[in-house]
Amino acid sequence: MKIGYPCINTSIARETKSTFRLASYSEYCLVEVVRNNLDHLEKILQYNVRKSLLFFRITSDLVPFASHPICKFNWQKYFVHRFKRVGDFIKKNKIRISMHPDQFVLINSPKEVVVENSIRELAYHCSILDLMGLDSSSKIQIHVGGAYGDKPLAMKNFGKNYSALLSDNIIRRLVIENDDRLYNVSDCLRIHDLTGVPILFDSFHHRCCGNRDGLSLSNACQMSNQTWKKNDGVPMVDYSDQAPGYRKGKHCTTIDLDNFRRFVLQTRELNYDLMLEIKDKQISAIKAANALCSLGMRIAL
DNA sequence: GGGCGTCAAGCGTAT
DNA sequence: ATACGCTTGACGCCC
């Protein structure tokens, strides 16, 4: 099992800004920010290797406005060697990589323009992973999308657009994640049957958000994991925990190790890489890795 | 140099 | 009707 955390390391300060406003877009600004973002990403990855955290989610904001029409600059070509260098480091250290496009990536939207924008955004995510030379085990995870007043139709439309509109390069990386309100694991399994898309199991969404479908945690996790094929790599699982005293669904600020151990023991027959979606990022990831060791389980490889 | 209004993108739910 | 959460906060103007 590899343990990871998303996008940001709270202990590595940024020396420069990571993005900018659309109103201040310029090629100069883009080049500077992307260069700095790649430098910063390398620092985080080096830290992660030192700490044996070999799973990481790369931020979608690595290249700001990459899928926006304002961006005419060929950043792919300009930064080809920098991306390759990061990718070589990732491969050399066997780091597992995921990306998670934002909530407006909706491939089942009834609005054609939303679908078009979503596909452009997915293509952007792919190009990051492609430029790094990473194989199809590097995944791009999205939610199924909206229900649009007719959930069965919305699911059918997901399948339709998936097959008709997505390029092979997107399909080889794309996975869907059960969400906290609309599409639970059973729904995702139905969409998997339609499309073959693997399911990334989110334990928090499954467990705590009124999204139960009668599947036990270990069954839901196992059935999701079985949708991953050989070329998809080890199944990925997202983990978080309820922030005590807050609205249902709010992520906790730091990991509760008792809950974490319980989760690990319930799923101990299964093989997966675990992404900890917890506010304090690498701090909880390190705590979790230590907890696994004390349970006699082995992290990384 | 700190405070805070606002920031590309969609949807569903709560108020 | 409007605000909010989602999540990765953080830019950038204002004082």
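Lettering of chains follows the sequences in order, A, B, ..., and the numbering in each one begins at 1.
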**Student:** Where each pair must be Watson-Crick or G-U wobble with both distances under 3.5 Å, what dot-bracket representation of DNA chain C is obtained, with crossing pairs in [ ] and other-strand partners as |?
**Tutor:** ||||||..|||||||
**Student:** Between A/S60 and C/dT8, is there a side-chain N or O to OP1/OP2 distance below 4.0 Å?
**Tutor:**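 Answer no for this pair, as no side-chain N or O of A/S60 is under 4.0 Å from OP1 or OP2.
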**Student:** OP1, OP2 of C/dG12 versus side-chain N and O of A/K17: anything below 4.0 Å?
**Tutor:**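 So the side-chain polar atoms of A/K17 do come within 4.0 Å of the phosphate oxygens OP1 or OP2 of C/dG12, strictly under.
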**Student:** What nucleotide, of C/dG9, B/dG10, B/dA8, holds the atom closest to the side chain of A/S67?
**Tutor:**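 Of the candidates, B/dA8 comes closest.
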**Student:** So, does A/R173 use its side chain to make a donor-acceptor pair with the main chain of A/I140 at under 3.5 Å?
**Tutor:**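 The answer is no, because no donor-acceptor pair under 3.5 Å joins these two groups.
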**Student:** Tell me whether the side-chain N or O atoms of A/R21 pair up with the base of B/dT6 as donor and acceptor below 3.5 Å, since no angle test is needed here.
**Tutor:**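 Yes, the side chain and the base share a sub-3.5 Å donor-acceptor pair.
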**Student:** For C/dT8, does either OP1 or OP2 sit under 4.0 Å from a side-chain N or O belonging to A/R57?
**Tutor:**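 Yes, because at least one side-chain N or O of A/R57 sits under 4.0 Å from OP1 or OP2 of C/dT8.
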**Student:** Counting any heavy atom closer than 4.0 Å, what does A/D61 reach on the DNA or RNA strands: base, sugar-phosphate only, or nothing?
**Tutor:**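 A/D61: base contact, heavy atoms under 4.0 Å.
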**Student:** Parallel, tilted or perpendicular: which describes the rings of A/Y25 and A/F20, with under 30° parallel and over 60° perpendicular?
**Tutor:**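 Tilted, since the angle between the ring planes falls between 30° and 60°.
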**Student:** Under 4.0 angstrom, heavy atoms only, what part of the nucleic acid is A/E277 near: base, sugar-phosphate, or nothing?
**Tutor:**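 Nothing, no heavy atom under 4.0 Å.
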**Student:** Verify the contact: side-chain N or O of A/K279 to OP1 or OP2 of C/dG9, cut-off strictly under 4.0 Å; return yes or no.
**Tutor:**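 Yes, within the criterion.
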**Student:** Classify A/T19 by what it touches in the nucleic acid, base, sugar-phosphate, or nothing, heavy-atom distance under 4.0 Å.
**Tutor:**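 A/T19: backbone/sugar contact only, no base atoms under 4.0 Å.
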**Student:** With heavy atoms under 4.0 Å as the rule, sort A/S24 into base, sugar-phosphate or nothing.
**Tutor:**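 Touches sugar-phosphate only.
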**Student:** If you assign each of A/C7 and A/S18 to its closest nucleotide in DNA chain C, which residue comes earlier from the 5' end?
**Tutor:**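 Of the two residues, A/C7 wins.
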**Student:** Which nucleotide in the list C/dA10, B/dA9, B/dG12 gets nearest to the side chain of A/L182?
**Tutor:**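 Out of C/dA10, B/dA9, B/dG12, the nucleotide with an atom closest to A/L182's side chain is B/dG12.
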**Student:** From the list B/dG10, B/dC11, C/dT8, which nucleotide is the closest neighbour of the side chain of A/Y148?
**Tutor:**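 So the nucleotide nearest the side chain must be B/dC11.
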**Student:** Thinking salt bridges, do A/K43 and A/D39 make one under a 4.0 Å N-O criterion?
**Tutor:**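 No, no charged N to carboxylate O under 4.0 Å.
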**Student:** Where the side chain of A/F65 is defined as all heavy atoms beyond and including C-beta, which of B/dG12, B/dA8, B/dC11 is the nearest nucleotide?
**Tutor:**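 Nucleotide nearest to A/F65's side chain: B/dA8.
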